[in-house]
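The residues of the chain are indexed from 1 along the displayed sequence. Just follow the structure's listing: the first ligand is 1, and inside any ligand the first atom is 1.
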Amino acid sequence: MSALRFSDTISAALAEGILVVTIDNAPVNALSADVRAGLMAALDHAEKDGNVAGVVLTGAGNSFIGGADIKEFGKPPVEPHLPDVVSRIEAFAKPVAAAINGVALGGGLEVALACHRRVAAPTTKLGLPEVKLGIVPGAGGTQRLTRLTGVAAAIDMIANGRIISAVEALKLGIIDGVSGDTLLPDALADIKATNASSLRRTGLLSVPSETLEVIDKAAADILRKARGQRAPAEAVRLVRLAATVSLSEGLTEERRTFIALRDSEEAASLRHVFFAERATGKVEGLEAVAPRKIETIGIVGTGLMGSGIAVSALNGGYRVIGVEQNVEAAAKGRDRIVALLDKAVQSGRLDACGREDRVSRLTVTADMRQLAQADIVIEAVFDDLAVKTELFQRLDTIVHADAILATNTSYLDPDLIAAATARPERVVGLHFFSPAHIMRLLEVVNCKKTAPDVLATALGLAKRLGKLPIVSGVTEGFIGNTIFSAYRREAEYMVEDGAAPQEIDAALEAYGFPMGPFAVFDMAGLEIAWARRKRQAATRDPSARYVVIADRLCEAGRFGQKTGLGWYAYPEGKRTVDPTVTEMIDVARAEKGIVPKPFTADEIVSRLLKAMVVEGDALLSRGIAARASDIDLVMINGYGFPASKGGPMFAAGRR
Ligand code: 3H9
């Protein structure tokens with residue numbers, strides 16, 4: 001094999017008459033200008049050199065190609081453009097195969113789709129996740145994938161941005177084979193057996209026929225979920241177009257749509273979210289800190305929160321020891337955890353083998369001393385300072401010297417809990433969101449004395465649990481509940497000032513929240529916030545603005561959806577404006593002499609954004625949040641802020 005180099009990122013070697021072209025652009029082999037130019041140069045070489053009978057494309061490291069280079073979006077485009085590279089591959093006179101060694105995403109899969117043969121390693125993931133960045137595939141993905149899978153499957157994959165395994169890709173006809181350790185030899189053998197005079201060019205295939213009913217259903221499923229986002233609907237339109245127009249017309253329309261969406265606010269917001277997510281794990285000062293080893297996780301309390309945490313830990317591959325106060329409670333806790341696993345089996349998210357494996361790693365006991373085996377103990381007991389400090393003092397005497405103690409408190413001061421132990425440096429906060437096995441957000445609370453390796457361990461653990469960890473300093477409610485309180489306060493001020501709760505909810509829902517604030521309060525229940533307000537009453541600044549309406553609702557026994565009455569009434573479960581509440585609001589306004597003023601939807605959104613940003617800026621200046629984008633991620637992943645708007649800090653900046 002003689003080595004050839006076509007650009008900084010593209011090299012090749014001739015093996016058995018086949019030019020094996022390797023893309024080496026760490027970290028994910030994104031299709032930068034240098035990669036595109038190098039690929040073109042490699043094709044030039046393969047075209048001219050009579051010793052080259054075919055080409056195999058593969059990636060260095062763990063990726064085939066992670067997609068177009070997202071960092072290039074928003075900058076002036078540089079030639080050669082990806083669609084030109086892709087079209088050239090498809091039209092190439094000699095056979096071209098993709099040896100898909102790792103992820104083939106977005107433009108990466110589009111390159112593979114243009115190849116005449118595709119073989120993938122079994123662990124590979126493939127997909128066109130562009131909609132998650134607010135765009136559609138821009139190098140033929142909507143037109144070529146549809147020709148392989150049919151319209152309904154392509155809608156499902158592209159409009160959902162669904163990433164699939166190699167095995168599923170084989171079933172759907174996207175690849176020609178799955179190969180183990182012998183990927184490259186297999187790709188070479190495959191291409192040598194390919195007849196150059198009858199190459200299978202994906203773009204020339206006709207779209208498999210399906211009934212209109214199947215296609216309409218796939219499209220309707222997407223449009224129902226899209227909540228005002230443009231990209232999924234455009235993806236559906238383009239996929240459907242593949243079945244009705246020529247390849248070149250389809251490609252032209254796809255490119256036009258891609259460019260329009262790429263330059264949209266939605267795409268800018270989702271790119272912000274993409275890079276924000278990659279920034280969260282990076283904590284200054286932790287780069288060289290080695291985390292502690294975690295194999296066994298103890299969980300004290302196996303109620304709603306504890307059982308969700310247990311499932312999450314079992315999914316992460318850990319051994320779990322749940323602890324309850326007595327044998328009956330332990331049996332119930334175990335049942336709760338197993339029931340969650342069973343539900344995952346029923347919904348197809350877990351197979352029977354996976355369930356058995358998880359159950360075999362689970363112990364639930366009333367004997368707290370078993371936590372001597374745990375490398376980290378997470379408490380998920382009643383949120384009361386005396387209960388938690390007493391528990392931590394006990395745990396301190398049971399767990400081994402290197403074990404970490406984590407509190408899942410939402411509102412208590414974890415520094416006080418840590419101070420009650422002999423080793424406060426091993427205490428960290430892990431604020432899970434309910435249901436803990438589903439919600440991605442995890443606030444990792446860096447307490448005053450938390451040791452750097454304890455924080456690093458918590459971040460590593462979060463990643464293995466599939467969570468999005470956001471580091472927060474200590475303040476009541478951490479990042480999320482602090483911002484949410486400001487949002488809640490401002491929403492109530494606006495009701496007093498003249499906006500009806502249903503107007504505020506409608507404005508926020510049109511903006512992209514799944515539910516407006518008052519619908520959320522009713523769903524969560526009004527009594528916990530009421531209890532907190534009563535506790536705080538004695539210390540509240542009497543000159544600060546205070547809205548009494550929520551208190552009056554609670555005094556009238558209106559605790560939200562579960563009582564059938566809250567900010568709304570719920571006859572037959574349906575959210576309905578209640579004249580009684582309207583009257584209560586009128587009375588509260590009149591008592592303060594407020595003349596209600598009308599609000600537009602835009603004014604409502606602006607005021608709520610501003611309230612969140614003021615609070616966010618305060619958290620940043622106090623060092624509770626490290627970056628504005630962390631605040632955005634907390635609100636998106638924990639509180640329903642639309643990702644397509646980039647989070648409150650980003651959205652307010654764009655306004
Ligand atoms: C597209 O392809 C459009 C085309 O249809 C049309 C074009 C005309 N570009 O996630 P990680 C960086 S749109 C630039 O932590 P993992 C990332 O920022 C694209 N950079 O690793 C990070 O950098 P840093 C469609 C990228 O192993 C580093 O790589 N493709 C890109 O957990 C590691 O990332 C996608 O949407 C990129 N495309 O996961 C796929 N991708 O270290 C997006 C990653 O400086 N990417 N980086 O923070 C992913 O889903 C994951 O990154 C991947 C690896 C699964 C690949």
Side-chain angles (χ1 to χ4, degrees), residues 9 23 25-36 39 59-87 89 100-114 123-145 154 157-165 231 234-235 238-239 251-252 254-263 267-268 270-283 287 440 459-460 462-464 466-469 627 629 643:
T9 52
I23 303 143
N25 185 24
V28 301
N29 299 335
L31 291 155
S32 64
D34 186 79
V35 170
R36 299 192 304 269
L39 285 175
N62 295 328
S63 312
F64 174 65
I65 302 172
D69 189 340
I70 303 170
K71 293 193 192 85
E72 282 184 2
F73 293 176
K75 297 182 189 158
V78 177
E79 288 187 3
H81 302 307
L82 189 59
D84 299 331
V85 180
V86 165
S87 296
I89 293 172
I100 307 173
N101 57 302
V103 287
L105 298 176
L109 182 56
E110 290 175 303
V111 166
L113 291 173
T123 51
T124 286
K125 302 271 182 231
L126 305 97
L128 294 170
E130 282 87 343
V131 291
K132 303 218 162 124
L133 293 165
I135 53 176
V136 289
T142 62
Q143 305 303 297
R144 292 199 177 85
L145 189 84
M157 253 182 90
I158 303 175
N160 282 313
R162 196 163 74 82
I163 292 171
I164 61 171
S165 67
E234 289 292 58
L238 292 166
V239 168
L251 291 179
T252 306
E254 182 198 77
R255 186 73 186 158
R256 193 194 62 72
T257 312
F258 166 77
I259 290 171
L261 289 177
R262 186 194 59 191
D263 300 338
L270 289 166
R271 278 201 295 279
H272 162 74
V273 172
F274 178 84
F275 288 114
E277 287 192 1
R278 267 100 202 140
T280 56
K282 295 178 182 132
V283 178
E287 301 84 1
R440 235 180 120 216
L459 289 169
K463 199 144 193 212
R464 194 159 141 196
K467 303 287 177 204
L468 180 68
R627 7 176 140 73
S629 62

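Between Gly66 and ligand 1, at least one N/O pair is under 3.5 Å apart. Polar contact check, Val136 against ligand 1: no nitrogen or oxygen pair lies under 3.5 Å apart. Note: no N/O pair closer than 3.5 Å links Val103 and ligand 1 by distance alone. Between Glu110 and ligand 1, at least one pair of N/O atoms sits closer than 3.5 Å. Between Lys463 and ligand 1, not a single N/O pair is under 3.5 Å apart. For Gly106, no nitrogen or oxygen atom sits less than 3.5 Å from a nitrogen or oxygen atom of ligand 1, counting backbone and side chain alike.
With a heavy-atom cut-off of 4.0 Å, Lys282 touches ligand 1 through its side chain alone. Counting heavy atoms closer than 4.0 Å to ligand 1, residue His81 contributes nothing at all. Heavy atoms from both the backbone and the side chain of Ala68 come within less than 4.0 Å of ligand 1. Looking at Leu133 against ligand 1, only its side chain comes within 4.0 Å, counting heavy atoms. No part of Lys132 comes within 4.0 Å of ligand 1, judged by heavy-atom distances. Contacts of Val28 with ligand 1, taken as heavy-atom pairs under 4.0 Å, involve the side chain alone.
Val35 is not listed as a side-chain neighbour of Asn29, based on a closest heavy-atom distance of 4.5 Å or more. Contact of the Val239 side chain with the Leu145 side chain is not registered, since no non-hydrogen atoms from C-beta on lie closer than 4.5 Å.
Which parts of ligand 1 touch Phe274 is read off a 4.0 Å heavy-atom cut-off, strictly below it: atoms 18 (O), 41 (N), 43 (C), 44 (C), 46 (N). Atom numbering of ligand 1 starts at 1 in the shown order; those under 4.0 Å from a heavy atom of Lys71 are 20 (N). Heavy-atom proximity to Pro129, at under 4.0 Å, picks out these atoms of ligand 1: 35 (C), 36 (O). Every atom of ligand 1 is numbered from 1 in the order shown, and the set under 4.0 Å from a heavy atom of Pro137 is 5 (O). Against a heavy-atom cut-off of under 4.0 Å, Arg255 is close to the following atoms of ligand 1: 8 (C).
Remark: minimum distance from atom 55 (C) of ligand 1 to any protein heavy atom is reached at Leu105 CD1, 3.9 Å. In terms of protein heavy-atom proximity, atom 18 (O) of ligand 1 is nearest to Phe275 CE2, 3.7 Å. For atom 14 (C) of ligand 1, the closest heavy atom belonging to the protein is Asp69 OD1, 3.2 Å. The protein heavy atom nearest to atom 9 (N) of ligand 1 is Ile70 N, 2.9 Å. Gly138 N, 3.4 Å is the protein heavy atom nearest to atom 6 (C) of ligand 1. The closest protein non-hydrogen atom to atom 34 (O) of ligand 1 is Arg278 NE, 4.0 Å. Residue, atom and distance of the protein heavy atom nearest to atom 5 (O) of ligand 1 are Glu130 OE2, 2.5 Å. Of all protein heavy atoms, the one lying nearest to atom 28 (C) of ligand 1 is Pro27 CG, 3.4 Å.
Protein non-hydrogen atoms do reach within 4.0 Å of atom 30 (N) of ligand 1. Distance remark: protein heavy atom present below 4.0 angstrom from atom 1 (C) of ligand 1. Protein heavy atoms all stay at least 4.0 Å away from atom 39 (O) of ligand 1.
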